[in-house]
Amino acid sequence: VLLHRMKAHKVDYWSRLGRLRRSQWVLAWEKVDRAVMSGRIVCDTYLAAKARADLVKSKSYSLTQLARSQLETPREDISFESIPGYFKSASSLAYLTEHCCFDTFLVIKLMSKLQVLPLTKQLTALAGNLWGRTMTGARAERNEYLLLHEFHKAKFIVPDKAIYTSQRGAGATQQDGDEDGGRKTEGRRKPAYAGGLVLEPKKGFYDKFVLMLDFNSLYPSIIQEYNICFTTVNRPVRSDDNPDDEPDVPDSALETGTLPKLLARLVDRRRQVKQLMKDPKATPTELAQYNIRQTALKLTANSMYGCLGFTNSRFYAKPLAMLITSKGREILQNTVGLAESKGLDVIYGDTDSIMIYTNTDSIDEVKTMGLDLKREVNKRYRLLEIEMDAFYQRMLLLKKKKYAAIVVTEVNGQLKTKMETKGLDLVRRDWCELSHSVSEFALNQILSGDGREEVLDRIHEYLAKVGRETRGGLVPIEKFIINKGMTKNAHEYADVKSQPHVQVAKRMIAKGISVRAGDTVPYVICTDHTAQGPSKTMAECAYHPDELRQPGSGLKIDFEWYLAQQVHPPVARLCAPIEGTDAGRLASCLGLDASRYHVASAVADMQQHTMLDAQISDEERFRNVDRLFVRCLRCNRSNPLIGVALSKVGYRGLRCPEENCGAVLPAPSIGFQLTAAIQQHIRRYQEGWLLCDDPACQTRTRMLSVRREKCMNAECLGGKSLAFSDKMLYNQLLYFDRVFNYDRALKHTTDESLRGMLSWATRCRSAAPCD
DNA sequence: CCCTGGAGCGC
DNA sequence: ATCTCTTCAGGCGCTCCAGGG
């Protein structure tokens with residue numbers, strides 16, 4: 001744009017945008033933008049922010065978003081279409097101009113905030129490539145240069161870079177794109193080899209400490225630990241020859257290879273820089289510089305592995321990448337084994353980390369446990385180090401790569417807590433803000449540490465409110481906007497029908513708004529009452545927020561769709577491990593048809609870690625169990641036995657609660673009656689009666705249906721489940737155990753005389769265990 | 001009901 | 001007659017959604 005305006009206005013020295021003096025405008029240049037800037041380093045803050053996605057967590061990378069999240073500065077979004085309108089009056093044009101000037105200020109500010117120049121300068125200095133190329137984010141190229149320099153220094157001759165040829169060889173069999181070359185921008189290809197190990201999580205809610213440990217930069221450390229290098233590992237000449245054979249670890253007698261040496265140097269320099277940062281005399285400026293250097297060293301070391309597996313890299317070496325990940329899996333597995341052999345409860349782990357449920361509320365105990373394990377693990381390796389990474393006071397573990405926790409940190413002896421969320425729908429940008437705020441509320445409640453009943457009450461109440469306010473039109477439009485990124489340009493998508501953001505993008509392009517691969521497209525789902533004919537797909541109901549706002553558009557947000565598809569599923573997933581609610585209950589709170597949410601909870605519940613149960617009160621848990629009735633031998637009356645803590649206990653044992661009896665209940669008699677009760681319940685479970693869960697139907701059967709979990713009654717929409725489920729049997733047996741559990745009763749009672757008797761009974765029992 | 005493509009996250 | 005050299009790229013593991021057959 002700039003160039004064309006300069007030409008139109010005959011601006012002298014236009015070529016000074018770059019550093020090459022040009023006198024002639026060359027119309028033949030299709031893509032002049034970069035060429036004209038030659039000799040200058042171009043910093044594109046949009047790219048820079050994306051490259052630093054580790055720091056910048058933003059829903060989209062628009063200037064407005066980044067200004068808000070990074071600079072805490074509001075920026076008015078002026079839509080592309082409204083711009084011509086600003087040219088109608090001098091004052092509005094002046095306003096637009098000011099807006100543009102302010103944008104340039106924001107861009108500079110952003111660049112400074114993200115420390116783009118210092119960081120890219122460090123990265124470039126390390127790798128020895130061109131600064132301008134670092135700016136455009138050519139990570140693989142940086143690695144290539146670094147290795148070229150390294151091998152050159154070590155007096156190696158490196159292989160030529162394979163020249164990129166249009167892969168006609170493979171195309172011969174395919175015979176597709178006969179038009180215009182058909183250059184398919186390939187998305188993600190299938191994995192070429194195995195990566196990191198992810199442990200099956202023991203799902204559930206943990207309300208005592210979870211200890212998190214992880215290996216310090218695992219892959220760089222493995223390369224050093226096992227001396228993995230192009231020069232040391234024996235691998236096939238062409239990696240295509242034996243694609244699946246994993247090479248052996250090199251002989252330990254071999255000299256350290258170039259790659260491990262390089263990594264050792266990077267790690268060592270980083271250690272030195274971190275040492276400098278501890279100097280109390282260091283000025284803030286120095287500290288900032290050190291920090292940048294430290295970051296650059298870490299990024300460089302960590303990116304080395306990725307480039308080994310990158311097909312188009314000059315130093316592509318699949319066997320090395322395979323060997324590294326394989327060792328990683330082995331190390332994690334061994335660490336889990338070691339922890340478990342020490343009696344620790346490993347609940348999860350991903351690639352380089354393990355999480356341990358400690359079953360204690362004392363942080364000091366956790367630390368001791370961690371130090372102990374750390375010492376044992378580190379004994380096994382030369383360089384590799386595991387480290388305590390975090391203490392989770394409470395944790396909700398839902399799935400692989402999906403969890404949330406309250407992290408405890410010690411700052412000057414003071415304990416501070418913070419919530420950390422990984423992978424949940426909550427952290428994903430493809431859910432609308434309404435969905436986010438509801439999930440956030442639910443998660444805050446669950447992790448609040450308050451009683452389960454209270455928490456569920458608040459969540460149910462909140463959902464009801466959200467349902468009412470949404471249907472009442474009280475929720476602003478902004479909260480319904482969903483953002484999705486475009487991985488390809490709009491016309492390159494094969495399947496347009498099912499992709500709402502592509503549909504919207506195409507209409508935006510038709511209006512002259514530029515949408516390219518990598519951009520984020522906002523949309524809302526609307527009801528379209530004008531077309532009653534064939535049912536529309538979800539994607540066809542997607543509209544740009546501006547289309548919705550357009551007066552007379554006739555569009556309305558599809559509230560029911562939002563409640564059912566955006567609000568309900570994420571909240572249901574969060575609450576899944578929490579006893580006392582389920583998808584159906586949550587749906588009815590939102591005002592949705594609850595009968596459509598049948599969860600196979602009986603199965604799911606049994607897979608849950610039993611820790612969950614720890615927070616349920618006994619009254620709640622045993623509300624539906626059958627009481628144990630014991631018949632007294634003297635008065636022949638049956639009375640419920642409510643447990644040692646509350647029964648009449650004498651020094652000779654439990655007594656009949658009948659008022660004018662009070663005879664001692666002999667232990668053998670209780671024993672027989674208990675055994676009978678247990679057998680009765682197990683039989684009841686084995687009979688396997690199925691019951692329809694629709695209260696209006698109540699069909700009871702033992703037949704198995706081809707309709708699977710559906711009710712046998714063909715007219716009924718309900719689901720059927722075991723009348724007496726696994727969970728119920730378990731609770732029943734747990735209740736029987738609890739009735740006779742002296743230790744527990746002793747712990748929970750405050751009645752002094754009862755305590756005395758119980759502890760006496762406990763002592764007797766340990767003295768004569770057969771009684 | 002199974003499979004696929006796509007998106008976006010975790011490491 | 002001459003200018004220019006354009007792009008263009010880290011890996012795998014794991015949900016979760018929507019649609020087709």
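Letters go in sequence order (proteins before strands), and every chain restarts at 1.
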What stems involve DNA chain C, if each pair must be Watson-Crick or G-U and both of its distances must be under 3.5 Å, with 3 or more such pairs in a row? B:1-11 with C:11-21

Apply side-chain hydrogen bond (donor to acceptor under 3.5 Å, both in side chains) to A:Asn216 and list each qualifying residue two or more places apart in sequence or on a separate chain. A:Glu385

Under the salt bridge (charged side-chain N to carboxylate O under 4.0 Å, His left out) rule, collect the residues that match up with A:Arg573, sequence neighbours excluded. A:Asp425

Whole angstroms only, please: what is the CG-P distance between A:Leu426 and B:dC9? 12 Å

Strictly below 4.0 Å, N to O, side chains only: are A:Glu420 and A:Lys418 in salt-bridge contact? no

Each nucleotide of nucleotides 10-16 of chain C classed B (base within 4.0 Å of a protein heavy atom), S (only sugar-phosphate) or -, in 5' to 3' order, makes BSBBSSS

In this structure, how many angstroms lie between the C1' atom of C:dA9 and the OH atom of A:Tyr316, rounded? 15 Å

For A:Asp430 and for A:Met212, find the nucleotide of DNA chain B with the closest heavy atom, then tell me which residue's nucleotide is more 5'. A:Asp430

How close or far is atom P of B:dG10 from atom CG of A:Leu199, stated in whole angstroms? 18 Å

Could you check how far CD of A:Glu144 sits from P of C:dA9, rounded to whole Å? 10 Å

Once side-chain hydrogen bond (donor to acceptor under 3.5 Å, both in side chains) is applied, do any residues pair with A:Trp131, and if so which ones, sequence neighbours excluded? A:Thr120

Provide, to the nearest angstrom, the distance between the CD atom belonging to A:Gln566 and the C1' atom belonging to C:dC17. 11 Å

When we call it a touch if two heavy atoms are under 4.0 Å apart, what does A:Leu218 touch: a base, just sugar-phosphate, or nothing? nothing

With rounding to whole Å, what would you report as the distance between C:dG10 and B:dG10 at their C1' atoms? 16 Å

Quick one: side chains of residues 397-406 of chain A, donor-acceptor pairs under 3.5 Å with protein atoms, not counting sequence neighbours, listed by atom name and distance.
residue, atom, partner, partner atom, Å
A:Lys401, NZ, A:Asp350, OD1, 3.4
A:Lys401, NZ, A:Asp350, OD2, 2.7
A:Lys402, NZ, A:Gly423, O, 3.4

From CG of A:Asn129 over to P of C:dT7, roughly how many Å is that when rounded to an integer? 18 Å

Choose from B:dG8, B:dC11, B:dG10 the nucleotide whose nearest atom is closest to any side-chain atom of A:Val427. B:dG10

In whole angstroms, the gap separating P of C:dT7 from CG of A:Leu130 amounts to 15 Å

Choose from C:dA18, B:dC11, B:dC9 the nucleotide whose nearest atom is closest to any side-chain atom of A:Gln565. C:dA18

List for me each residue that meets salt bridge (charged side-chain N to carboxylate O under 4.0 Å, His left out) alongside A:Arg133, sequence neighbours excluded, and say none if there are none. A:Glu141

From CG of A:Asp214 across to P of B:dC11 the rounded distance in Å is 9 Å

side-chain hydrogen bond (donor to acceptor under 3.5 Å, both in side chains) with A:Glu330: which residues, sequence neighbours excluded? A:Lys327

Taking side-chain hydrogen bond (donor to acceptor under 3.5 Å, both in side chains) as the test, write out the residues that go with A:Asp352, two or more places apart. none

Verify whether the ring centers belonging to A:Phe310 and A:Phe315 lie closer than 6.0 Å. no

